[in-house]
Amino acid sequence: MNKNPIKKDHSELICDISEISGLFEDTGDLNVFLQRTVGMIAEHMHCDVCSIYLYYYDKKEVVLMATKGLNEKFVGNIRLKVGEGLTGLALKELRPIVERNASQNPSFRYFPGLGEEKYESFLAVPIIRGKRKIGVMVIQNTKRNFFSEQDVNALRAISSQMANTIEITRIILSMEKQPSKKTVEEKPKDLTFVAGKVGSSGIAFGEAFVLKSDQNFVSEKELKTKNKYTLKQFRRALEKTEEQLENVQKQVEETLSDVASLIFSAQILMLKDQGFVNAIEELIKKDVNPPEAIIKIVQRYCKRFESIEDAYIREKSHDVMDIGRRLLDNLTGKKSKSFNLSEKVIIARELFPSDALKFSSMKVGGIILLSGGVTSHLSILSRSLQLPLIIADEPALLDLSPGTKILMNGEQGDIYINPSKDILTNFPDKKHEEAELKKLQKGVKAKTETKDGTRVYLMANINLLSDMKVAADFKAEGVGLYRTEFPFIVRDNFPSEEEQYVIYKKLVEQMPDKEIAFRTLDIGGDKVLSYFEHHLKEKNPYLGLRSIRFSLQHIEIFSQQIKAILRAGKNANVGIMFPMISSVDEFMAAKRVVEDCMDELKEKNIAYNTKPKIGLMIELPSVMEVIEELAELADFFSIGTNDFIQYMLAVDRTNEKVADLYLPHHPSILRGLKRVVDAAKRHKTDVSVCGDMAHETKFMPYLLGIGIRKLSLNANFIPRIQKVINRMTIKDAEKQTKNILSKSRLREIVELLE
Ligand code: PEP
Ligand code: MG
């Protein structure tokens, strides 16, 4: 392979989402969009040819859909079976195929007139979402031996960034009419109050929006509208809708660059699609009133989406409804009440983290979920997004009619349905909340000490890059836990080393001289990757291929992450910690991967952090019996109490039905924590707590009493925790701890903690 990379900085290219979004501009139809895509890639990769092939499941073949550099007359006509030709081979083996002398390869398939034979350098990368085949991207060049390893990585990253958009393109292009599902109407139950649990605090008051795939996006009244509109007005509404969506996409990119991915891309693309737009215009030209034309076509598309087997795609019918709603609003100039999600309270059975991101950028008021737990990762992400979230196992909430007023008290977990004036006047509003937050921010001190002068370090838990601002505002003394998995969860494919590097670098740059602990990929459990089929099939996901188990089974993905961390943390105080370690062997195996990555970077002359601290999370009961050995081997321990409690007590942290058994104050938990800290002290191993116990005021005396001096928590909690610590003395804390440790009954412990 060519060792001289092309001069273009690929990391810039792949993260430039706005550039990809720019491809949608003025696009007449999806074919034009694909054509633009190949043009952009060819230009960035400095190559003569770029082509996109899409995979069609029914025929099990890829079809050339766009090309820059080959004979365009062949678009739509070149078909290859999986495994056929070098392109088909890339899809069959789901790996990049690089050839310096393509025509000499026995797999090379010659098509007279296509003009491929003069391009000897060949690179094909499968476009996949996990194991789901979408197509193949191919670049070619006349010069032999043209493509470097960096090119392979860059093209992989581009294909992963665009996989979702390209998949939607393929679906729209090949959609056939299929029967729609039946709507089941149920009588709503009379609800006035539901007590739930707080997933993410905050208050919201707004209309209910129940997320169901059979949701109708127009009201009866709108269906009967008599107001007449013109084609010109429709086109103006179309333009305005495009602008709106592009603006929200841009805003997401600015505020959530690490996870923005192309959240609104499918919708923007649809508005650019001539098939969709023409269908509406044709009806208008036949004298159908534009609102009616929009409704008809949107409903037709929704039905098609809803009839697709894949749940992920089926969900997309909401996107189509959203487009329809926006178009109608922009046409009629009315702000519809039904589908505009701003300030609304979303009620859903279950959500993906990417939904939370989307809703947050649509400025919803809050979310009520029927399933999940307060330490679930959707809750954790919602806290980062400052989105109130309540978990309430009350199916009748799904039957609330649109427009029902909901008051969410995310401080207590209370949900009021159509609350009376009395209730409303007793509730602080958002402005009050913001003012309170500002006050707290002002009062927070740079250093935290107990009343008797013992120093305690308050670090931040970071889920999204945007949390770094909150961490700085609340004077966090570093990052005790960076949950690296969120960029993995909201994407459509594994982010490449380059993509991760860019994100990690931004993180490190924001706290250049402070300690930052990178927690390696912790997926599985409730953090399923929609693109990784295996996860969707696990019966017992928390006991399955989660966290370090996944990383050690997928060394390539693991190594890419480690290399990205080592490179980004070149001049920083970086720690790498492994989640869900169960044994000394597992810790050693993970550590070895870090060492191998360092060797590789050294060999390639790539700058990296040569002395990262290597630690592990204490989350599983099995480490208790080998805690001394681990303390000797590791540079630091970080106690993940969320999982420690879950696994010690065998209580699913996301299962609302056993939430009463999830007990941080269980004597086994408290004694277990002490054992870990004692072992760490004996071996002078740094130890901190980074689970939710670290932000619960009632546990402060106990944690400090057993010797904890470092806590990592969601930065919003820092002022509250700092105040509690300021008022304590270590002597009193130790006394209380001793007392607590002597008790084995829950009730006695509760009394002491309070
Ligand atoms: C924990 O388990 O306590 C922890 C901090 O990790 P996570 O919540 O991401 O599983
Ligand atoms: Mg954990």
Side-chain angles (χ1 to χ4, degrees), residues 199-200 259 353 356 372-384 389 391 458-464 467 476 478-490 516-529 535 541-551 561 575-582 586-587 590 615-623 636-655 662-666 669-670 672-673 676-677 687-696 699 703 708 710-715 717:
S200 167
V259 284
V374 294
T375 61
S376 77
H377 288 88
L378 198 88
S379 302
I380 288 169
L381 180 65
S382 300
R383 282 177 220 155
S384 288
L389 174 89
I391 295 139
L458 299 184
M459 321 277 281
N461 282 356
I462 301 291
N463 307 316
L464 303 174
D467 290 330
V479 175
L481 163 68
Y482 172 44
R483 291 184 167 99
T484 57
E485 53 275 4
F486 285 104
F488 281 78
I489 303 172
V490 297
I516 297 184
F518 283 84
R519 194 258 303 274
T520 63
L521 195 54
D522 183 13
I523 45 164
D526 62 339
K527 288 176 281 192
V528 281
L529 299 178
H535 274 163
Y542 273 110
L543 303 182
L545 194 61
R546 197 192 148 185
S547 294
I548 196 66
R549 299 175 182 178
F550 174 91
S551 298
Q561 172 167 53
I576 298 178
M577 60 187 183
F578 312 119
M580 219 185 150
I581 289 288
S582 67
E586 219 167 28
F587 177 66
L616 68 144
M617 293 193 66
I618 303 294
E619 298 184 300
L620 299 191
S622 63
V623 295
F636 66 97
F637 285 163
S638 178
I639 310 175
T641 53
N642 302 341
D643 277 316
F644 189 64
I645 299 165
Q646 155 162 276
Y647 292 118
M648 281 283 275
L649 305 182
V651 177
D652 181 346
R653 65 192 261 193
T654 64
N655 186 345
Y662 186 91
L663 304 169
H665 58 277
H666 191 294
I669 301 296
L670 298 178
L673 294 180
V676 176
V677 177
V687 58
S688 63
V689 174
C690 67
D692 284 10
M693 269 176 97
H695 70 235
E696 290 198 43
F699 289 116
L703 293 178
I708 288 287
K710 195 190 273 181
L711 297 158
S712 190
L713 55 160
N714 183 311
F717 292 108

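In what follows, residues are counted from 1 in the order of the sequence shown. Each ligand, and each atom within it, is numbered from 1 in the order the structure gives.
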Q | ligand 1 atoms in contact with C690 (distance to a heavy atom under 4.0 Å) | A | 5 (C)
Q) How far does CG of D643 sit from CE of M648, to the nearest 0.5 angstrom? A) 13.0 Å
(Q) Using 2.8 Å as the threshold, say whether any N, O or S atom from D522 sits that close to the Mg ion (ligand 2). (A) no
Q) Which atoms of ligand 1 have any heavy atom of R483 under 4.0 Å away? A) 4 (C), 5 (C), 6 (O), 7 (P), 8 (O), 9 (O)
Q: Flag the pair L649 / Y662 as yes when at least one side-chain heavy-atom distance between them is below 4.5 Å, and no otherwise.
A: no
Q) What protein heavy atom sits nearest atom 6 (O) of ligand 1, and how far off is it? A) R519 NH1, 3.1 Å
Q. What protein heavy atom sits nearest atom 2 (O) of ligand 1, and how far off is it?
A. E619 OE2, 2.8 Å
Q: For atom 7 (P) of ligand 1, grab the closest protein heavy atom and report residue, atom and distance to one decimal in Å.
A: H377 NE2, 3.3 Å
Q. Should the pair D467-R483 be classified as a salt bridge under the 4.0 Å nitrogen-to-oxygen rule?
A. no
Q. To which of M617, R546, M693, M580 does the heavy atom nearest atom 4 (C) of ligand 1 belong?
A. M617
**Q.** For the Mg ion (ligand 2): the N/O/S atom of D643 at shortest distance
**A.** OD2
Q | A694 to L713 - nearest heavy-atom pair and separation | A | O-CD1, 3.9 Å
Q: For S688 and S638, indicate whether the former's side chain and the latter's backbone hold a donor-acceptor pair under 3.5 Å.
A: no
Q: Evaluate side-chain contact (heavy atoms from CB on, under 4.5 Å) for T654 paired with L378, printing each intermediate quantity in order.
A: CA-CA 10 Å; T654 64; L378 198 88; over 6 Å; no
Q) Which ligand 1 atoms, with their elements, are less than 4.0 angstrom from a heavy-atom of L481? A) 5 (C)
Q: For ligand 1, indicate whether the residue D522 contacts it via side chain, backbone, both or neither (heavy-atom separation under 4.0 Å).
A: side chain
Q: Please confirm whether T641 comes within less than 3.5 Å of ligand 1 when only nitrogen or oxygen atoms on both sides are compared.
A: yes
Q | pair F518-Q561: side-chain heavy atoms closer than 4.5 Å | A | no
Q) Is a side-chain donor or acceptor of E485 paired with a backbone partner of D522 at a separation under 3.5 angstrom? A) yes
Q.
Residue-level breakdown please: for N461 versus ligand 1, do any non-hydrogen atoms fall below 4.0 Å on the side chain, on the backbone, on both, or on neither?
A. neither
Q.
Please check: side-chain N/O of R383 versus main-chain N/O of G199, any donor-acceptor pairing under 3.5 Å?
A. yes
Q. Where does I380 meet ligand 1, judged by heavy-atom distances below 4.0 Å: at the side chain, the backbone, both, or neither?
A. side chain
Q: With the Mg ion (ligand 2) as the reference point, give the N/O/S atom of E619 that is nearest.
A: OE2
Q. Any idea how H695 and F717 line up, ring-wise: parallel (<30°), tilted (30 to 60°), or perpendicular (>60°)?
A. parallel
**Q.** ligand 1 contact by R653, heavy-atom criterion under 4.0 angstrom
**A.** yes
